[in-house]
Amino acid sequence: MAKYFGTNGVRGTFDVLTSSLALQLAQAIGIYFKRGKILVARDHRLTSPALSHAVIAGLQSMGCDVIDFGLLPAPVAEWSIQPLQADGLIIITASHNPPEWNGIKVIDGSGITVSRERGEEIEKLMDRVSSVPWNKTGKYVSSTGTMEKYVQAILPLLNVEKIKKRKLKLVLDFGNGTTALTEPLFRSLGCELITLNAQMDGRFPGRPSEPTEKNVQDLIAAVKATQADAGIAWDGDGDRIVFVDEKGSYVIGDKVFGLSILWQFAQKKGDVVTTVATSKIVEDIAKKSNAKLLYTKIGAPYLSETVAKKKAAIAGEEVGGVIWPQVSLAKDGVFTAAKLCEALCEKPLGKWLEELPVYYTEKTKLEANEKQKTKIVQKIRAYAKKKKFKFIDIDGVRINFDDSWVIVRASGTEHYVRVFAEAKTPEKAKQLLSEYKMLAK
Ligand code: MG
């Protein structure tokens, strides 16, 4: 079991993820990436400059050449791996976590985030680091202009003329995060913009970084007050996105992904990749379009790995991260926003949402230690087998019924077993949840 790496890199508060740990991890990452050319980017958290310097020092001491982007949204940094032919990328960010947290996200040369399993290999290298001789230390280049290059690269993938003509009125809530750097993109699409929390601030004074419905109430109010076409909110590093429709209704991640599939399929069909925790909305859309749906474990690395292997058309997860393979293998909230501007030229967001199937979700969690977690999941698997239910057990056990499903899954980071149920009516979802909660006990 990895000591530091979770499903999406290393995360911790600054007293745990210290500069010296960051340096040691970076040295091991430098060896893992064969002392090659490594890109480094960071978010705007108060601890990010310190951690970033430590990471760069660690990499250079292993002989890695470093290109330092400084501040960038995560998907923009991830896009740059391919044009720069880099051997890897490290992003200092804790995504949507509270301000005292930070993290080290590691992406390989093909644009795939390093999973917990690969993180474990990196950790094994930590005791075996040896610095290169003084005359072999890596070179350092500070690089600017990546945001502009990203915009130039994605504009040809959009119908810019159509979007410009429509003159969309958008409220953008950057949540004091690095997506504030993307404002020129929306200006170049001819959108009329009202911006909220547009100052990058590592204390996140405007709202907590996770774009939950509760946290984006100002955005909802602003969309209504300004009669905008839509509101958009990102998390701290810009891989996740939520919308608010023209009536001020919050559009959750599952639906953003559903809409993204519809819009991608209007231009290019293919396989869809998603995690076992995603709404049946996605399965229904795939089925209707005769597309194959591939389920993965929960976590961005597994989505990216499967997209690359299967050459899928699109991938996404329930919290609003969508991978557009025409851009990169990263969840890209910036491209999702720009691409869905195209869809908004066709009809209002509320009308698009009417095309998505409706489901109701219920969630709960049960306290459990490591041993109990394994036992509970085994029990549910045995039950599903006995009942001859259709189930997927790559990450917990997801049981699929005709118009509903339930998953019982051990949390990777906390002492919980989580139970999610989704059905066509709220009553059915509640009933499924309580049934499986009882079974899991
Ligand atoms: Mg994020």
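The figures here come from the full heavy-atom set of this structure, side chains too, leaving out hydrogens, waters and symmetry mates. Numbering of ligands and ligand atoms starts at 1, following listing order.
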If you consider just the N/O/S atoms, which atom of D235 is the closest one to the Mg ion (ligand 1)?
OD2
For D237, the N, O or S atom at the shortest distance from the Mg ion (ligand 1) is OD1
Going by atom types alone, do Q217 and Y250 pair a side-chain donor with an acceptor below 3.5 Å?
no
State whether Y359 and K280 meet the cation-pi test: NZ (Lys) or CZ (Arg) under 6.0 Å from the six-membered ring centroid, and within 45° of the perpendicular axis.
no
Just checking: T93, one of its N/O/S atoms, less than 2.8 Å away from the Mg ion (ligand 1), yes or no?
no
Aromatic rings F420 and W405: how do their planes relate, parallel, tilted or perpendicular, breaks at 30° and 60°?
perpendicular
For the Mg ion (ligand 1), the nearest N/O/S atom on D239 is atom OD1
Would you please say whether a donor-acceptor pair under 3.5 Å links the side chains of Q264 and W324?
no
